[in-house]
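Throughout, a chain's letter reflects where its sequence line sits, starting with A, and its residues are numbered from 1.
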2 protein chains.
Amino acid sequence: MNSRENIVNKLKSAGVTPTTQRVEIAQILFARPQHLSAEQILKMVNKGHSTASKATVYNTLGLFAKKGLLREVIVDPTKIFYDSNVSRHFHFFNTDTGVLTDIPVDAIHIDKLPELPQGTESSGIEVIVRIKNS
Amino acid sequence: MNSRENIVNKLKSAGVTPTTQRVEIAQILFARPQHLSAEQILKMVNKGHSTASKATVYNTLGLFAKKGLLREVIVDPTKIFYDSNVSRHFHFFNTDTGVLTDIPVDAIHIDKLPELPQGTESSGIEVIVRIKNS
DNA sequence: TATAAAATTAGACAAAGTCTAGAAAAGCAC
DNA sequence: GTGCTTTTCTAGACTTTGTCTAATTTTATA
């Protein structure tokens, strides 16, 4: 499924040169749909065979997000989550635990969208349902 | 409208002791519905008659948010916006300019809501429409 | 293989926000 | 009001996430 070969092709298709560090990071991210922070990824990479510096991890995540391979989720004021599932969906964010979970698209139905301000275009709609332990 | 007297009463009603610093911060925030960062508020306070330290501004904003006087808006990974409009509404966030604007409640209609995870309760739904200059 | 361009690195730096310990202000009983 | 306790405020040190820089290494290409 997510063999090195598939990952390399995925990066190439997105116009990203598949360097050692990028493939390593991609393998971690695309192993399954998940929400990881840059610091978590940095630690995971450096537990593996090859290593990557902090700057490379941050650059790579930014690049992947720009190329549409990742989705940045901004819900926690202290860090960005990178979501390896880029298909349309929404999120629960548990403010007690800091855990982000998915809400499938069909669990929310938005039937009316606002008019955008003059001279702007949409780059995505996020729905975040903040929850806490009851 | 937002005389010192009204502000003092607003704070008291929310169970917040109206100290000099809190009243000063509240007067800035509640002058009109707006989105301000902690740093902006700190600067505004210290241009006025009384002053407040960084720690006090951060503590006060956190307290106001907890008491429901303010709404924290997390859309920009570098800072929290404090929204002095706590009535139900949504937001546009322009990623090119960093400007946050309101979307009236009735401009979006959500007619289906997701089931919450076991043992949790909702503390609010946010809809953020990310936009960029076209 | 030589050369140019792109990517990686360590570590310095920046900015938002938190923490601490002492000082000041507020609340309260008398 | 006076004394006492609790709450609030303060300066500045500190933490954390993320960015920047300048030098090195890797990759692409002719």
Does the side chain of B:Q21 get closer than 4.0 angstrom to OP1 or OP2 of D:dT10 through an N or O atom? yes
Do any side-chain nitrogens or oxygens of B:T20 fall under 4.0 Å of OP1 or OP2 in D:dC9? no
Would a line drawn from the ring center of B:H109 to the ring center of A:H109 be shorter than 6.0 Å? no
Looking at B:T19, I'd like to know whether one of its side-chain N or O atoms comes within less than 4.0 Å of OP1 or OP2 on D:dC9. yes
Nearest whole Å is fine: how far is D:dT16 C1' from A:E39 CD? 8 Å
Using modelled atom types only, decide if a donor and an acceptor are shared between the side chain of B:N85 and the backbone of B:Q34 within a distance under 3.5 Å. no
How about A:L61 and A:I41: do any of their side-chain heavy atoms sit closer than 4.5 Å? yes
Less than 4.5 Å apart, side chain to side chain, heavy atoms only: is that true for B:Y58 and B:E39? yes
Could you tell me whether A:T17 contacts a base, only the sugar-phosphate backbone, or nothing, with contacts defined as non-hydrogen atoms closer than 4.0 Å? sugar-phosphate
Length of the line joining B:I41:CD1 and C:dG17:C1', which is rounded to integer Å: 14 Å
Quick one, which residues of residues 50-61 of chain B touch DNA chain C with a heavy atom under 4.0 Å? B:K54, B:A55, B:Y58
Nearest-angstrom distance from the residue atom CG of A:L42 to C1' of C:dG11: 14 Å
Heavy-atom side-chain proximity of A:F81 to A:D76 below 4.5 angstrom: yes
Under 3.5 Å, is there a donor-acceptor pair between the side chain of B:R130 and the main chain of B:V75? yes
Between residues 71-84 of chain A and DNA chain C, which residues have a heavy-atom gap below 4.0 Å? none
Give the angle between the helix axes at the two ends of the helix from C:dT1-D:dA30 to C:dC30-D:dG1, taking five base pairs at each end and rounding to 10°. 30°
Rounded to whole Å, please give me the gap between CD in B:Q40 and C1' in C:dA15. 15 Å
Compare every heavy atom of B:A26 with every heavy atom of B:I7, then report the nearest pair and how far apart it is. CG2-CB, 3.5 Å
If hydrophobic clusters are built from ILVMFWY residues whose side chains come within less than 4.5 Å, do A:F93 and B:I74 share one? no
Whole-Å distance separating the CD atom of A:E24 from the P atom of D:dT26: 16 Å
Rounded distance (Å) that lies between atom P of D:dT7 and atom CG of B:L11: 18 Å
For atom CD of A:E115, is the number of surrounding heavy atoms from other residues, nucleotides or ligands below 6.0 Å larger than 12? no
Between C:dT9 (C1') and A:I25 (CD1): distance, integer Å: 13 Å
Counting N and O atoms only, with roles assigned by atom type, does the side chain of A:T95 sit under 3.5 Å from a partner on the main chain of A:K132, one being a donor and the other an acceptor? no
Taking side chain as C-beta onward, heavy atoms only, is A:Y82 less than 4.5 Å from A:I25? no
